Amino acid sequence: MKIQTKIAIQFSLIVGSLLAVFSFVIYQLFAEFREQEYYDRLKSKAITTAQLLIKVDEIDRDLLKIIDKNTLTALVDEKVLVFDQQNKLFYSSLDDHVIHYGNDLLNRVRKEKYVETSDDENEVVGLLYELNGQNYVILASAYDKFGHSKMANLRDILYSGLVISILVTVLLGIFFAGNALGPVNQFISQISTITANNLRERLDERHGKDEIGQLAAAFNKMMYRLEQSFELQKSFVSHASHELRTPLAALKSEVEISLDEKLSVAQHRGILENIRKDINRLIALSNSLLQIVRPLKSSINSAVEVRIDDVVFQAQDDLLLSKPEYRISVEYAKEPENEKHITILGDEPLLKTVFTNLISNACKYSANHQALVAIDFNETHTLVSVQDEGIGIPEEDLTAIFEPFYRSKNALTISGFGVGLSVCKRIVELHKGKIHVESQLQHGSKFLVELPHIL
Ligand code: ADP
């Protein structure tokens, strides 16, 4: 069911039930008021008749009947009956003397002195009237035609009022809910047109600070992040395929040459050497691609306490194993009295990737293949700097080198894919840390990693 219909129904149910209760209470109060008023009239009628009949001895009963019937205040189906001490009918305002009242009622009146009751549609009042030591029971009964017709009128008005009000409430409910949810429907149609090709689409935030405006703003922010990561992935795919194409094209032409032309064994050997180089390049590239994809997750899976110096030494060992020509020295800037100063919560293999990349770059981009790693800490962070005396980085590239596949012009003669630093940045940020670089062309570079320690 649509929210608009739901709100309209709920709204109408609430207003409808309130109106129904209100109408019922009005009707009941009015009914009680009418009844009481009518009993009072009957009571005064009974007393008047009794006074005329019993007190004024001379009055003729037939004359009283005529007076009773013709007074302006005569009530519909009016009966006044007076009974003496022995419950014998002493006077009846009707000629036919039909008496519907049993002794029970008469005795009740004698006991309670005043009784209000009803008989079918007629209201009945019974009262005990005492004169000269004699107790008379007077019963006065009549039908409140005027009162009942007023009640019927009121009931009709309340019924039709209730029905009309409920109808109006339903219409208003639909209108207001539609009005309030209109922008949501607009969002739905806008959102349903968004595809991978138009991620630039934004929702209308004109609704300001209300919930709909906040929803639109939150959605737009999400779209912005989606667009960014989509763009990143697109450029990643295009760069990656470009990087893959070069060695594959070289492989293809090498294979074609060796198949098409009559070559000596030495020439074949040379071509196979080239093929091996290209295959190694492809393996290195796929390793880099794997590196970039792995930490793309938004959180670390297995965060454990990791000693940063251990990770640095492991990276050093691994690098020296594959590149024995590298010269890597590791030192502590100051002795950590508490190991928590150099322990962080994180993912050990990912952290090792960071230091392997940084140390490997330092050695790769310097003629002496030398890297100096310094481990330090402050109140909040463990600090690791990786310094070299290599080719340096042009100032305008100091930010760009952290983008995937970006390589400085002065580095193009040295093998690489421009992936390592972007991976390092991503991993450090996953650990809530920061990575900076300072560099001077021809003099060397210094990368500084700050990671929050557990103390
Ligand atoms: P790669 O080294 O494979 O090209 P990186 O992402 O590790 O990829 O580095 C990106 C770029 O940053 C390098 O191409 C190079 O231009 C520059 N760079 C990184 N480290 C250094 C360094 N220690 N000295 C000089 N340039 C560096």
Side-chain angles (χ1 to χ4, degrees), residues 232-233 235-247 277-278 280-296 312 315-316 318-320 322-323 325-330 349-374 383-430 433-450:
L232 193 79
Q233 296 211 6
S235 89
F236 171 76
V237 171
S238 87
H239 277 101
S241 39
H242 179 78
E243 290 293 334
L244 281 168
R245 205 167 335 128
T246 320
K277 265 191 216 152
D278 286 328
N280 280 339
R281 192 172 155 77
L282 277 175
I283 291 172
L285 177 61
S286 41
N287 285 340
S288 297
L289 293 181
L290 276 181
Q291 262 196 32
I292 207 167
V293 171
R294 242 182 258 140
L296 276 179
V312 171
Q316 179 192 32
D318 286 1
L319 275 168
L320 288 179
S322 56
K323 305 270 183 181
E325 69 274 22
Y326 285 179
R327 287 157 65 201
I328 307 162
S329 52
V330 181
L350 288 183
L351 288 166
K352 199 169 96 182
T353 306
V354 174
F355 299 113
T356 312
N357 281 341
L358 292 179
I359 300 170
S360 155
N361 277 352
C363 298
K364 188 167 80 173
Y365 293 110
S366 42
N368 59 9
H369 298 315
Q370 206 171 327
L372 172 65
V373 186
L383 316 169
V384 182
S385 63
V386 181
Q387 199 170 355
D388 63 65
E389 294 169 349
I391 59 170
I393 303 161
E395 211 186 323
E396 64 274 17
D397 289 348
L398 287 178
T399 328
I401 50 167
F402 292 100
E403 298 294 325
F405 300 102
Y406 189 88
R407 306 200 69 210
S408 289
K409 280 198 187 75
N410 64 339
L412 294 181
T413 49
I414 302 165
S415 73
F417 305 106
V419 167
L421 282 184
S422 71
V423 172
C424 291
K425 185 166 187 267
R426 177 86 186 118
I427 297 175
V428 170
E429 282 171 356
L430 274 180
K434 281 183 189 148
I435 182 164
H436 315 275
V437 60
E438 295 163 7
S439 185
Q440 222 184 333
L441 267 179
Q442 314 294 347
H443 284 88
S445 315
K446 183 177 175 183
F447 284 84
L448 180 69
V449 175
E450 294 177 32

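One-based numbering along the sequence shown. Worth saying up front: this structure is predicted, and the values here are computed from it rather than measured. Indexing begins at 1, ligand by ligand and atom by atom, following the structure's order.
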Among all the protein's non-hydrogen atoms, which is closest to [atom], and how far away is it?
{"atom": "atom 15 (C) of ligand 1", "result": "Ala411 CB, 3.7 Å"}
{"atom": "atom 21 (C) of ligand 1", "result": "Tyr365 CD1, 3.5 Å"}
{"atom": "atom 12 (O) of ligand 1", "result": "Ile401 CG2, 3.2 Å"}
{"atom": "atom 16 (O) of ligand 1", "result": "Ser408 N, 3.0 Å"}
{"atom": "atom 23 (N) of ligand 1", "result": "Asp388 OD2, 2.9 Å"}
{"atom": "atom 26 (N) of ligand 1", "result": "Ile393 CG1, 3.2 Å"}
{"atom": "atom 4 (O) of ligand 1", "result": "Arg407 NE, 2.6 Å"}

Is a side-chain N or O of [X] found less than 3.5 angstrom from the main chain of [Y], in a donor-acceptor match?
{"X": "His369", "Y": "Arg327", "value": "no"}
{"X": "Arg407", "Y": "Ile414", "value": "yes"}
{"X": "Gln316", "Y": "Val330", "value": "no"}

So is there a nitrogen or oxygen of [X] less than 3.5 Å from a nitrogen or oxygen in ligand 1?
{"X": "Gly418", "result": "yes"}
{"X": "Leu421", "result": "yes"}
{"X": "Lys364", "result": "yes"}
{"X": "Phe447", "result": "no"}

Quick one: look at [X] and ligand 1, take heavy-atom pairs under 4.0 Å, and tell me if it's side chain, backbone, both or neither.
{"X": "Asn361", "result": "both"}
{"X": "Ser445", "result": "side chain"}
{"X": "Phe417", "result": "backbone"}
{"X": "Tyr406", "result": "backbone"}

How many angstroms lie between atom [atom1] of [X] and atom [atom2] of [Y], to the nearest 0.5 angstrom?
{"X": "Ile393", "Y": "Ile401", "atom1": "CD1", "atom2": "CD1", "answer": "3.5 Å"}
{"X": "Ser439", "Y": "Asp388", "atom1": "OG", "atom2": "CG", "answer": "7.5 Å"}
{"X": "Thr399", "Y": "Lys425", "atom1": "OG1", "atom2": "NZ", "answer": "9.0 Å"}

Does atom [atom1] of [X] have more than 12 heavy-atom neighbours, drawn from other residues, nucleotides or ligands, at distances under 6.0 Å?
{"X": "Glu395", "atom1": "CD", "value": "no"}
{"X": "Gln370", "atom1": "CD", "value": "yes"}
{"X": "His443", "atom1": "NE2", "value": "no"}
{"X": "Lys364", "atom1": "NZ", "value": "yes"}

Could you tell me, atom by atom, which parts of ligand 1 come under 4.0 Å of a heavy atom of Gly420? 5 (P), 6 (O), 7 (O), 8 (O)

